[in-house]
Amino acid sequence: MTTTNSLYKDITEEERRTNSYARIVPGQTIVEIPEYTLECGETLYNFPVAYKTWGRLNKACNNVLLICHALTGSSDVQDWWGPLLGSDKTFDPSRFFIICINFLGSPYGSCSPVSIDRATGRPYGPNFPLVTAKDDLGVQKLILDSLGVKQIACVIGGSMGGMLAMEYSASYNDTEYVRSVIALATSARASAWCISWNETQRQCIFGDPYYDDGYYYENKNGKKPDSGLSAARMAALLTYRSRNSFETRFGRKMGKNTSSNTGDSTVATTGANTVASTGVSGGNNGTTSLINKEELEKGIRYPKNKDEEHWLTHNEGSKTINGKQRNQDKNLPTYFTAQSYLRYQGTKFIKRFDANCYISITRKLDTHDITRGKVEELDEQKQESLDVYEDPLPGFLQTLKKPHLVIGIASDGLFTYGEQELLGKNIPNSILKRLDSPEGHDAFLLEFELINNYCLDFLHANLPEYYDVSNDELFKDWADHVQDVDNGGESVFGEAEKNITNW
């Protein structure tokens, strides 16, 4: 019952040949959808959508857990939420048909800037249209229909995935299609704070000289805006963790000795003064950087990367910098483990993600607002005549009818706990849980035990028939064998690593 409707052509192998990022995800299915008109008015034709499933659909076609992944995640739930997947866990394939659909704009198989535009035979690149969470919902409904799904038992998502879960709640509020919703570390609309961080990250990419207005796929030298994308990832990491999390783990510890070309690869900035032989300054990547010793000696500029810092620090004798004598034996520390961690993460990220995709997805995040198209928008003149701004969101949340579990993180600096409190206080049939984790936003990918317990309690209460002992015979024979997984926090796609210093 899980075979795809013939309307959608299975193009898994074709997409993997043309999209190197899609090859990273094991065992997913990629189908071609003939046509879909986006919220922005543009229409996509013959485009791919990737998804992955666990378990089997029951006879009533209603035992579905739909999981919505985060900003740079994929359809591979086992990779980034593995500890929640398995028998007697939140994602139990012996009871539920579990599906995660890769959203539009992501490079991991669904239509995105790296996908081939059939009209031109080239990647969409910067011409990929604006897509929204509402578009994802519409496209995912086509996939679910093709699989025979009649009802979703629960939509579950964290961060950007939680935004999509809230879209499902709002869009199917007056129908029985969605029975319940679990939203973690998320919001009903993108805040100005969130939008500002996204813009900062995009500007990192735009400022890379190899960005080339997004047409870098056509660069004959093969250069990509790796430094810009790396810097964007570094900025994002500062929002995923908390200040105290960084302070506890790093403090002012010194970075690793970089006198040889071993250790972590790093990425800093690039441009006309790039010194690394790889074209990306700040890192070794197994090669020796090209060092302009004269500039360093004369103090024309300060060291840009670890090779230059090491050369200047350990070169015999003293140097004159800007007319002042520099004593090499009393060199001040300038390289710390916090820097090393960020650079490592930047290098790791550019190996698995595309800059145009990052721009597309962060713009999608900016557009998120579950009230758009569902409440009357006040024109500017009417709004100015009001003594107090009338925010339509609380009132709209009060109309939602599905049971909701909302999980917030006290130390979250990106989707602040107040945003989850707004959901919990206004959605009538909701439960609000607070994670007092010091890990910041990423706690939704780290605090597995607590999250699993909260989710199981909610599912038992709102979907009791799937946990009725007398019904066990109906479920156990349908289960695909799924081995319980604990990745120890190491993940290809997840935003978080359990051990922040294990790099």
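Counting from 1, the numbers follow the sequence of the chain as shown. For the numbers below, each heavy atom of this structure counts, side chains included, while hydrogens, waters and symmetry mates do not. Keep in mind that this is a model prediction, so the values were computed, not measured.
Asp391 contributes a side-chain N or O that, together with a main-chain N or O of Leu393, makes up a donor-acceptor pair within less than 3.5 Å. The closest donor-acceptor contact from the side chain of Ser411 to the backbone of Gly440 lies under 3.5 Å. Looking at Ser360, its side chain never comes within 3.5 Å of a backbone N or O of Asn356 through a donor-acceptor pair. Judged by distance alone, the side chain of Asp354 and the main-chain N or O of Pro107 form no donor-acceptor pair under 3.5 Å. The main-chain N or O of Ile143 is found under 3.5 Å from a side-chain atom of Ser146 such that the two form a donor-acceptor pair. Under the 3.5 Å distance criterion, the side-chain polar atoms of Asp76 are left unmatched by any main-chain donor or acceptor of Val25. In this structure, Gln151 contributes its side chain and Cys61 its backbone to no donor-acceptor pair below 3.5 Å. Side chain of Ser430 to backbone of Gly424: a donor-acceptor contact under 3.5 angstrom is found. Side chain of Ser187 to main chain of Arg189: a donor-acceptor pair is present (N/O by atom type, distance under 3.5 Å, no hydrogens or angles). Under a 3.5 Å cut-off, the side chain of Arg233 and the backbone N or O of Lys348 do not form any donor-acceptor pair.
The environment of CD in Glu176 is sparse: at most 12 heavy-atom neighbours from other residues, nucleotides or ligands sit within 6.0 Å. Within 6.0 Å of CZ on Arg122 lie no more than 12 heavy atoms contributed by other residues, nucleotides or ligands.
Here Lys224 does not pair with Asp208 in a salt bridge; the nearest charged N to carboxylate O distance is not below 4.0 Å. A salt bridge between Arg372 and Glu167 is absent, with no side-chain N of the basic residue lying under 4.0 Å from a carboxylate O of the acidic one. Under a 4.0 Å N-O distance rule, the pair Asp366/Arg202 qualifies as a salt bridge.
Using cut-offs of 30° and 60° for the angle between ring planes, the Tyr108 and Phe353 rings count as perpendicular. The aromatic rings of His69 and Trp80 sit perpendicular, their planes meeting at an angle over 60°, well past the 30° parallel limit. Below 30°, between 30° and 60°, or above 60°: for Tyr211 and Phe206 the angle between ring planes is between 30° and 60°, a tilted geometry.
Leu456 is listed as a side-chain neighbour of Tyr467, based on a closest heavy-atom distance under 4.5 Å. The side-chain heavy atoms of Phe47 and Leu104, taken from C-beta on, include a pair separated by under 4.5 Å. In this structure, Gln398 and Asn426 have side chains that are in contact, with non-hydrogen atoms separated by less than 4.5 Å. Contact of the Phe103 side chain with the Val131 side chain is not registered, since no non-hydrogen atoms from C-beta on lie closer than 4.5 Å. For the pair Lys52 and Cys100, the minimum side-chain heavy-atom distance is 4.5 Å or more. For the pair Lys374/Ser171, a side-chain contact is recorded, criterion being any heavy-atom separation below 4.5 Å from C-beta on. By the 4.5 Å heavy-atom criterion applied to side chains, Phe415 and Met163 are counted as neighbours. Between Glu35 and Thr43, the closest side-chain pair of non-hydrogen atoms falls below 4.5 Å.
Taking both residues in full, the closest heavy atoms of Ile407 and Gln420 are given as O-CG, 3.9 Å, listed atom of the first, atom of the second, then distance. Between Gly105 and Pro113, the closest heavy-atom pair is O-CD, 3.9 Å. Counting all heavy atoms, side chain and backbone alike, Cys357 lies closest to Ser106 at SG-C, 4.4 Å. What you find for Ile98 and Pro93 is that their closest heavy atoms are CD1-N, 3.8 Å. Across every non-hydrogen atom of Leu400 and Ser169, the tightest pair is CD1-OG, 3.8 Å. Here the closest heavy-atom approach between residue Leu459 and residue Ile182 is recorded as CD2-CD1, 4.3 Å.
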Practice problem: Kindly indicate, with the supporting measurements, whether the criterion side chain to side chain contact (heavy atoms under 4.5 Å, CB included) is fulfilled by Val149 and Leu57. | Solution: CA-CA 8 Å; Val149 172; Leu57 198 61; 4.3 Å; yes
Quiz item: side chain to side chain contact (heavy atoms under 4.5 Å, CB included) between Tyr217 and Tyr124: does it pass, once the steps are laid out?
Solution: CA-CA 10 Å; Tyr217 306 127; Tyr124 283 95; over 6 Å; no
Practice problem: Mind running side chain to side chain contact (heavy atoms under 4.5 Å, CB included) on Phe246 and Arg249 for me, showing each step along the way? | Solution: CA-CA 5 Å; Phe246 267 72; Arg249 284 163 174 77; over 6 Å; no
Quiz prompt | Trace of the side chain to side chain contact (heavy atoms under 4.5 Å, CB included) decision for Trp193 with Glu419 | solution = CA-CA 12 Å; Trp193 180 246; Glu419 293 179 86; over 6 Å; no
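Judged by the 6.0 Å and 45° rule, Arg434 forms a cation-pi pair with Tyr417. Under the 6.0 Å distance and 45° angle rule, Lys433 does not count as a cation-pi partner of Phe458.
Rounded to the nearest 0.5 Å, atoms CZ (Arg363) and CD1 (Ile195) are 13.0 Å apart. We find the CG-OH distance between Asn62 and Tyr177 to be 11.5 Å, quoted to the nearest 0.5 Å. Atoms CD and CD1, on Gln28 and Ile101 in that order, are 11.5 Å from each other to the nearest 0.5 Å. The structure places CD1 of Ile451 at 8.0 Å from CZ of Phe444, a figure rounded to the nearest 0.5 Å. Expressed to the nearest 0.5 Å, how far CD of Glu447 lies from CG of Asp442 amounts to 11.0 Å. Rounding to the nearest 0.5 Å gives a distance of 10.5 Å between CD of Glu449 and OH of Tyr454.
In this structure, the side-chain hydrogen bond (donor to acceptor under 3.5 Å, both in side chains) partners of Asn452, at least two apart in sequence or on a different chain, are Thr90.
Between Phe91 and Trp81, the ring centre distance stays below 6.0 Å.
With hydrogens and angles left out, the side-chain atoms of His441 and Thr239 include no donor and acceptor closer than 3.5 Å.
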